[in-house]
Amino acid sequence: MTSPSERHPHPARRAVLGTALGGAAATALPGTSAAASPGAAHAGDPTSARAGAGRPWKLRDTMSTDDAWARFLRDQDLLWRRLPTLWYEGPFLGDGQLGSMVYQEPGANRIRFTVQHGRVQDHRPEFGSGWGTCRLPVGRLTLEPVGTITAVDWRLSLWNAELTGTVTTTAGTLTLAALVHDEVLAVRVTAGGGERVTWTFHPEEAVSPRKISEAPPADYTANPPWTTRTAPDGTEQVLQPLTGGGQTATAHRRTGDDLLLSVGHSHPSDTAAEADSLRNLRRAKSYSALRQRHTSWWHAFYRKSFVSFPDQRLQSFHWIQLYKVASASRAGGPVMATSGPWLEPTPWPAVWWNLNVQLEYWLINGFNHPELDSLATTLRQNQEQLTANVPAAYRADSSGVGRSSDMFANRGVGRPGTGAEVGDLTWALHNVWLSYRHSMDTALLRDTIYPVLRRAINYYLHFLTPGSDGKLHLPSTLSPEYPVVPPQDTNYDLALIRWGCRTLLESAELLGIEDELAPRWQEVLARLTPYPVDDNGFMIGADTPYAQSHRHYSHLLMVYPLHLVNWDQPESRDLITTSIVHWHALTGAHRGYSYTGAASMYAMSGDGDTAITYLRKFFDPTTRYPCRPNTHYTEAGPVIETPLSASQSLHDMFCQSWGGVIRVFPAVPTAWADLTLHNFRTEGAFLVSAVRKAATTRFIRVRSLAGEPLKLKHGLAGRVTAVLDDGTPARTHDLGGGTLAIDLPRGREVLVHTGTRPDLTLAPVAVSEPGPAWGLP
């Protein structure tokens with residue numbers, strides 16, 4: 001991607017701020033500040049633009065060294081004092097493609113290292129995503145001690161992304177270290193006393209993990225059995241051919257105390273995977289050599305942003321989710337399936353597009369890690385498949401994706417009017433739009449969002465018809481995953497149509513495109529039927545109330561995450577509150593993401609105490625589907641999205657940037673008096689740093705990466721000072737409601753505070769709510 005510092009904001013967007021500043025901004029030269037102008041502060045503006053003028057400032061970052069990071073993240077590590085017996089209890093490792101979980105081999109005195117890979121799938125679309133294009137298991141390594149295992153002492157280091165520790169047996173000890181990097185699982189084990197190191201690789205049958213819940217389809221043919229071979233250098237390989245074409249190859253080599261293993265997958269080639277797995281091992285060389293590259297990557301990775309808050313258990317959880325998503329996804333790699341790269345028996349061995357994918361990726365934006373966005377990569381690379389997914393009659397101008405698919409988005413989508421689930425591609429594109437808004441990467445907008453969204457909305461437009469009321473109506477579609485299909489006007493789809501048309505019009509202007517469909521998008525926005533509502537708030541659709549417990553919040557998409565109906569609209573507040581309360585009043589079907597979704601919605605309203613109350617329900621072990629000991633989550637099978645969405649709920653309490661306004665500390669729970677943010681990325685490609693002490697915001701620093709208009713809801717009481725990084729006053733305009741427009745050129749920083757210049761130190765906050773480590777401590 002092009003660096004934001006190399007891009008220029010669209011002239012129309014800069015003009016917006018110029019208007020907000022009374023036109024004065026238009027006279028400033030690019031790359032300079034007009035703040036020194038005597039007229040920069042407006043009469044009656046409760047902002048002191050000149051306080052502290054002439055004194056340059058700089059943040060003092062106490063997290064600027066590797067030692068500081070190692071100390072801080074050590075307090076967030078997962079620990080084990082007893083042997084995990086289930087996948088959701090044990091350590092997990094990954095590099096966005098290859099993944100391994102570590103726990104006891106069921107019913108045996110052995111330790112299992114699972115071996116799974118995000119690219120390993122079947123290639124028979126005629127059998128659907130559950131069987132024909134599902135993710136396929138690879139195998140597992142087992143470490144087999146001489147004596148009976150009596151104790152473990154393990155640490156999963158976040159800073160090094162490495163598992164280390166000991167296994168104590170009746171015969172002696174095994175000291176281990178393990179990591180995954182560059183598609184290689186590397187393990188080093190040394191034996192003490194009467195112990196010895198014995199490894200065995202167990203290939204798994206190449207059949208859908210869905211077999212735990214149903215029989216294969218009629219006419220389904222099993223994949224052939226694997227074969228084994230030994231390469232000239234002594235590397236052992238397991239070769240798995242596939243009936244639908246392609247191959248999976250697992251290569252492993254033991255040298256002294258080191259064991260290295262790599263998985264390759266190819267399609268349609270029946271041999272390329274074999275060469276790939278061997279090449280990966282040759283590149284790794286040894287545990288030590290691989291570890292050096294591995295820790296260098298992770299140490300640079302963490303330092304891109306920082307957050308600290310006083311709840312130890314939740315703070316650790318939050319940092320573990322960043323480790324988890326970086327272990328599960330990298331731009332250019334496969335889109336995350338429901339279990340990420342850690343495949344286990346599950347009814348969902350594919351990519352689910354009606355909530356799971358969307359929730360998986362939100363947290364990467366605030367954490368300032370766009371390099372993890374494999375969702376945007378997937379949609380960009382598979383545009384032809386998205387076209388092939390719609391019925392043939394509409395492929396000239398439309399695209400879509402069905403509820404679940406393989407990593408190539410291969411799944412047909414039904415027609416409106418048949419009760420089909422239609423809007424999933426449009427919702428996924430909202431994620432990519434968020435990636436654009438947080439990066440202002442015009443190439444992403446031009447090459448992916450605009451062409452794919454245009455086709456996704458076109459599919460809807462074929463079916464919108466005027467009713468007797470003169471409004472446009474949509475025939476029956478499904479609201480994921482409500483069990484009743486509205487006869488028309490499903491709120492899930494109405495919200496997506498509105499968002500899509502608005503976004504296309506805005507994108508066309510930004511890209512300088514005079515699109516022939518623009519009048520149609522404008523007509524749809526003007527004539528589309530209102531959202532169906534009743535006394536209980538938003539309905540599922542026309543003539544279909546929300547009348548039974550519903551785990552998804554698909555009928556509330558206009559509230560969150562689309563923010564089409566939001567708290568900045570006073571006339572909408574009662575409707576929003578009524579809808580959320582009624583959604584949760586009908587219990588029974590709620591799942592973990594029902595609580596994280598409600599937490600984010602209450603955070604939007606500024607109610608941090610209610611938000612954290614709902615979020616804590618996800619961590620309550622008395623709930624039916626709580627967060628598990630290693631921070632993973634399961635229902636009928638592993639589901640990775642919910643813990644990741646819980647981190648986004650925390651982000652929504654710390655900093656929000658929807659609607660063109662950055663809101664700093666908008667919904668911090670009362671109990672969290674202290675909080676530190678550094679380089680939190682927001683829409684508009686801003687990096688926000690802020691410190692809250694004793695329940696008061698002490699300062700906010702904003703750095704502009706793209707020169708977009710800055711509107712800051714700062715939450716500061718009293719006369720506000722805004723100073724650029726060279727000490728000159730920033731040009732500001734009070735927009736009311738505690739929101740300040742600030743003229744901040746690309747590459748510059750502004751410091752916002754009240755009173756005299758505060759201490760500009762960024763540091764971890766003290767823990768006021770202690771809690772045990774995650775894992776089995």
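Hydrogens, waters and symmetry mates play no part in the numbers below; they use all other heavy atoms, side chains included.
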*Which is it for T634 and R628 under the side chain to side chain donor-acceptor pair (under 3.5 Å) test, yes or no, and what are the steps along the way?*
CA-CA 8 Å; T634 182; R628 297 298 187 170; 5.8 Å; no
*Considering residues at least two apart in sequence or located in another chain, which fulfil the side chain to side chain donor-acceptor pair (under 3.5 Å) criterion with K304?*
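K304: side chain to side chain donor-acceptor pair (under 3.5 Å) contacts with E371.
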_With side-chain contact (heavy atoms from CB on, under 4.5 Å) as the criterion, how do T114 and W87 come out once you've worked through the C-alpha distance, each side chain's angles and the decisive distance to 0.1 Å?_
CA-CA 9 Å; T114 67; W87 65 266; over 6 Å; no
Looking at [X], I want to see if its [atom1] is surrounded by more than 12 non-hydrogen atoms of other residues, nucleotides or ligands under 6.0 Å.
| X | atom1 | result |
| --- | --- | --- |
| E144 | CD | yes |
| E481 | CD | yes |
| D233 | CG | yes |
| R196 | CZ | no |

*For the residue pair W362 and W427, categorise the inter-ring angle as parallel (less than 30°), tilted (30 to 60°) or perpendicular (more than 60°).*
tilted
Check side chain to side chain contact (heavy atoms under 4.5 Å, CB included) between [X] and all other residues, then give those that pass, not counting sequence neighbours.
| X | answer |
| --- | --- |
| S327 | W298, Y323, W342 |
| T148 | N109, T170 |
| T85 | E89, Q104 |
| E236 | T230, H252 |

*asked:* Is there a side chain to side chain donor-acceptor pair (under 3.5 Å) between E195 and T169? Walk through the geometry before answering.
replied: CA-CA 8 Å; E195 269 300 343; T169 78; 2.5 Å; yes
Taking [X] for its side chain and [Y] for its backbone only, find out whether a donor-acceptor pair lies under 3.5 Å.
| X | Y | value |
| --- | --- | --- |
| D122 | S208 | no |
| N160 | T295 | no |
| R395 | A388 | yes |
| R403 | W352 | no |
| S213 | R210 | yes |
| T426 | A456 | no |
| T596 | A646 | no |
| Q383 | S399 | no |

Any heavy-atom pair between the side chains of [Y] and [X] that's under 4.5 Å?
| X | Y | answer |
| --- | --- | --- |
| V432 | R380 | no |
| P209 | W348 | no |
| M407 | R135 | yes |
| T248 | W226 | no |
| S288 | R291 | no |
| C627 | T631 | yes |
| Y361 | S435 | no |
| Q116 | P137 | yes |

*Check each of T255, D257, L179 against Y287 using the side chain to side chain contact (heavy atoms under 4.5 Å, CB included) test, and report the only one that passes.*
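Option passing the side chain to side chain contact (heavy atoms under 4.5 Å, CB included) with Y287: L179.
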*M336 pairs by side chain to side chain contact (heavy atoms under 4.5 Å, CB included) with which of N356, V357, V325, V351?*
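Passing option: V325.
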*Measure from NZ or CZ of R330 to the centre of the six-membered ring of W297, then state whether that distance is under 6.0 Å and the direction lies within 45° of the axis.*
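Cation-pi check for R330 and W297: passes.
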*asked:* Ring of Y220, cation from R124 - is the NZ or CZ under 6.0 Å from the centre and inside 45° of the axis?
replied: yes
Determine the minimum heavy-atom distance between [X] and [Y], stating which atoms define it.
| X | Y | answer |
| --- | --- | --- |
| H267 | G245 | CD2-O, 3.0 Å |
| S262 | E183 | OG-O, 2.7 Å |
| A428 | L375 | O-CD2, 4.1 Å |
| P638 | S339 | CB-CB, 3.7 Å |
| W154 | T166 | NE1-O, 3.2 Å |
| V115 | V138 | O-CB, 3.1 Å |

As an exercise, state the distance from [atom1] of [X] to [atom2] of [Y], rounded to the nearest 0.5 Å.
| X | Y | atom1 | atom2 | answer |
| --- | --- | --- | --- | --- |
| F408 | N382 | CZ | CG | 7.0 Å |
| Y103 | I111 | OH | CD1 | 13.0 Å |
| L141 | E105 | CG | CD | 10.5 Å |
| L185 | L259 | CG | CG | 7.5 Å |
| L355 | E360 | CG | CD | 9.0 Å |
| I364 | S374 | CD1 | OG | 7.5 Å |

*Go through the structure and list residues passing salt bridge (Lys or Arg N to Asp or Glu O under 4.0 Å) with R293, not counting sequence neighbours.*
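Salt bridge (Lys or Arg N to Asp or Glu O under 4.0 Å) list for R293, sorted by chain: D182.
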*Kindly state whether the ring of H318 and the ring of F367 have centres lying under 6.0 angstrom apart.*
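That pair passes the under 6.0 Å test.
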*Taking the six-membered ring for Trp and the single ring otherwise, decide whether the centroids of W199 and F113 are under 6.0 Å apart.*
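Centroid distance W199-F113: below 6.0 Å, so yes.
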*Just do the side-chain contact (heavy atoms from CB on, under 4.5 Å) check on W774 and Q76 with the steps written out, would you?*
CA-CA 8 Å; W774 293 90; Q76 324 309 325; over 6 Å; no
_side chain to side chain donor-acceptor pair (under 3.5 Å) between R411 and S405, worked out_ = CA-CA 5 Å; R411 178 67 181 273; S405 79; over 6 Å; no
*Does the pair Y394 and R415 meet the rule for a side chain to side chain donor-acceptor pair (under 3.5 Å), with working shown?*
CA-CA 10 Å; Y394 306 99; R415 292 167 44 110; 2.7 Å; yes
*Hey, mind stepping through E274 and Q237 against side-chain contact (heavy atoms from CB on, under 4.5 Å) and telling me if it holds?*
CA-CA 8 Å; E274 182 178 343; Q237 279 191 300; 3.5 Å; yes
*Quick one: do L156 and L93 satisfy side-chain contact (heavy atoms from CB on, under 4.5 Å)? Show the steps, please.*
CA-CA 9 Å; L156 179 53; L93 307 164; 3.8 Å; yes
